[in-house]
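Here's the structure we're looking at; comments come further down.
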Amino acid sequence: MGLMDILAIIIPAAIVSAAPLIFTALGGVFSERSGVVNIGLEGLMLFGAFTGAVFTYYGEQWGLGAASPWVSFLFAMAAGALLSLIHAVASISLKADQVVSGVALNFLAAGMAIFLTKKIFDAGQTPVISERISKGDIPFLSEIPLIGKLFFSNAYSTSFVAVFAAFAVWFVLYKTPFGLRLRAVGEHPMAADTMGVNVVKMRYTAVLLSGVFAGLGGAVYAASISGNFTHSTIVGQGFMALAAMIFGKWHPLGALGAALFFGLAQSLSITGQQIPGLQDIPHVYLLILPYVLTILALAGLVGRADAPKAIGQHYEKGKR
Amino acid sequence: MENQKNWMKIAVPVISVILGLLIGAIIMAVSEYDPIKAYGALFQGVFGGSYFLGETVRQMTPLILSGLAVAFAFRTGLFNIGVEGQLLVGWLASVYVGVTVDAPAVIHIPLAILAAGVAGGLWGAVPGFLKARFQVHEVITTIMMNYIALYTTNAIIRAYLLAPGERTEAVAKSASLKSVWLENATDYSTIHYGFIVALIAAAVMWFVLWRTTTGYELRSVGFNQHASQYAGINVSRNIVLSMAISGAFAGIAGSMEGLGTYQYMTINAGFTGVGFDGIAVALLGANSALGVIFGAALFGGLKIGALNMQSIAGVPTEIIGIVIALIIFFVACSYLVHWVVNKVNKGGKI
């Protein structure tokens with residue numbers, strides 16, 4: 001087996017696994033950059049997967065055809081925003097511990113999604129959808145020698161939207177006044193407030209955006225990878241996205257790179273059996289790799305990862 | 001003022017539970033289930049006979065321990081979300097000792113529980129060390145350690161301890177917490193001696209925190225690290241110690257599953273949820289040993305009662321997960337309750 005064949009197995013699989021992680025990690029970047037910890041990414045992603053699976057199914061019933069998953073993404077983004085509003089109210093307005101509120105959100109999302117699945121479909125899972133995100137070659141780009149075959153052929157379009165989204169988020173956060181304000185609120189809310197930035201409004205916006213992105217990430221997972229929603233559809237991908245965000249140093253492009261890398265680790269743990277040299281590495285090392293790396297990164301052994309200064313802190317006007 | 005503080009300590013959880021159940025009822029009503037029938041079935045499913053009581057106690061047992069684990073770390077100002085992972089390594093350690101060691105029960109059972117405590121403690125000490133040495137936030141490391149624990153324990157079982165049915169061999173009789181007379185007394189429920197271990201652990205936590213110098217130091221670090229440092233307390237050492245003790249409680253919670261409820265360990269596709277529920281239990285119990293027992297009783301009861309609720313009123317058991325989530329939200333938002341109470345007090349000039 002030549003190197004190209006090996007890469008042709010690994011890279012497309014990595015990009016597929018990475019797309020939901022990228023979206024969700026970007027959501028995390030928004031929230032945490034504004035100073036609000038979001039452990040609830042897992043729950044938001046889970047609810048997004050549920051909404052995505054349900055509305056893709058209904059979309060098919062309504063005769064939307066291949067557009068069904070894309071329509072479902074809109075619903076999932078709205079559902080994510082709605083759910084994250086609870087986190088925002090609790091942790092910004094009511095000054096709840098942000099980590100506790102995030103944990104509660106995970107419970108709530110899991111409970112609601114399965115409760116509703118049982119209520120609507122009278123079964124433990126949603127029906128399997130037939131209109132998945134289609135795989136295809138990207139015009140022009142797939143004809144580039146070498147790279148084209150690896151990166152742009154036989155791939156999900158959602159993956160490219162994810163990569164594009166990462167650059168868009170980077171632009172918004174680093175090149176627009178809105179992004180500057182959002183980051184300022186996360187580093188030094190009092191200074192931002194003094195300069196006339198509405199801290200509460202910025203943080204609400206950021207948390208809602210994290211819901212939108214995480215909801216989308218979940219829905220993309222449902223529409224491209226799992227094909228339906230069960231209690232075991234989202235088990236830890238949200239936390240892995242959280243890890244990717246941290247490993248990517250709270251930076252959108254860093255998160256993109258980390259998510260791609262974690263996607264690679266995930267896909268290697270699945271496809272590794274086909275690849276010479278990797279067959280002998282026990283499966284478990286690849287499974288735990290993303291988490292171990294994140295811990296090492298935080299400990300400063302693999303590049304120092306520093307959180308936004310005001311993360312996890314409530315802002316009270318006039319408090320010294 | 002002091003009186004009002006004490007009163008609030010009870011009022012916040014009670015009000016939160018009531019609000020949680022109330023919103024749960026509204027959700028059921030909206031989803032066309034009968035909330036009165038459902039809660040009736042829930043109540044029946046907890047107090048409806050000795051069988052249900054036995055089941056509730058069995059459900060409570062690991063919850064008390066995981067709640068103690070979270071509460072203990074909270075007292076030192078640490079948030080241990082890693083109970084789930086520490087529980088898994090403890091579960092595996094207890095089962096390993098239970099399967100491989102040959103000893104009379106008086107030695108075998110304590111040895112297996114000890115092994116679980118040590119394994120959980122070591123697993124918990126790692127994030128503690130990273131926090132003390134590198135200032136890495138324990139929330140993130142404990143979450144990552146959960147997944148490492150999940151995949152590693154699965155791999156170890158698969159490689160060394162595998163028995164038919166994706167699980168380990170059952171532990172030896174001499175390591176089992178099963179109790180025939182307790183089962184008979186509770187109409188053949190799955191109750192086991194573990195609850196005694198859990199109650200002892202609660203007493204130990206109270207004693208360590210409130211009656212020893214170590215406990216004083218741990219609580220002091222929780223209140224103010226800088227002041228503690230200035231007073232000559234070794235903050236780093238206390239952080240590691242707190243996480244290790246917390247992890248030990250979590251590990252012992254795992255041994256309750258390994259030696260009591262299941263008698264073996266399965267290859268887990270996901271987490272047990274006991275560790276995350278421990279966060280809810282600790283919050284509701286205001287991080288005190290007694291409060292944790294009450295919190296575990298409530299959530300254990302809700303979970304067992306939910307089964308009856310599903311079979312009689314047809315309501316999916318997940319409604320209880322929703323109610324628990326809501327209760328955590330309300331406890332976490334106690335700011336709201338305080339605010340309302342303050343307003344009322346000011347208005348009424350009390």
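Letters A, B, ... are given to chains in the order of the sequence lines, protein chains preceding strands, and every chain is numbered from 1.
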Which bit of [X] comes within less than 4.5 Å of chain A, counting heavy atoms only: side chain, backbone, both or neither?
| X | value |
| --- | --- |
| B/N154 | neither |
| B/I81 | side chain |
| B/L130 | side chain |
| B/Y33 | side chain |
| B/V126 | neither |
| B/F276 | both |
| B/I322 | both |
| B/I148 | both |
| B/I320 | neither |

Kindly compute the distance separating [atom1] ([X]) from [atom2] ([Y]), expressed to the nearest 0.5 Å.
| X | Y | atom1 | atom2 | answer |
| --- | --- | --- | --- | --- |
| B/F329 | A/L105 | CZ | CG | 5.0 Å |
| B/I140 | A/Y291 | CD1 | OH | 13.0 Å |
| B/I319 | A/F115 | CD1 | CZ | 4.0 Å |
| A/T117 | B/E318 | OG1 | CD | 8.5 Å |
| A/T294 | B/Y147 | OG1 | OH | 12.0 Å |
| A/L296 | B/F134 | CG | CZ | 9.5 Å |

Toward chain B, the part of A/V89 with a non-hydrogen atom under 4.5 Å: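 Neither part, no heavy atoms under 4.5 Å.
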Can you give me the closest heavy-atom contact between A/K119 and B/S31, atom names plus distance?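 Looking at all heavy atoms of both residues, the shortest contact is NZ-O, 2.8 Å.
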Of all heavy-atom pairs between A/A96 and B/C333, which one has the smallest distance, and what is that distance?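 Closest approach of A/A96 to B/C333, heavy atoms only: CB-SG, 4.0 Å.
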Measuring only between side-chain heavy atoms, which start at C-beta, is [X] closer than 4.5 Å to [Y]?
| X | Y | result |
| --- | --- | --- |
| A/M240 | B/I143 | no |
| B/L326 | A/F107 | no |
| A/I295 | B/M145 | yes |

For chain B, which candidate among [options] shows the most heavy-atom pairs at distances under 4.5 Å?
| options | value |
| --- | --- |
| A/V37, A/I86, A/V292, A/V99 | A/V99 |
| A/L108, A/I39, A/L242 | A/L108 |
| A/L289, A/L287, A/V235, A/D97 | A/L287 |

Evaluate side chain to side chain contact (heavy atoms under 4.5 Å, CB included) for A/K118 paired with B/T317, printing each intermediate quantity in order. CA-CA 10 Å; A/K118 285 185 178 168; B/T317 52; 4.3 Å; yes
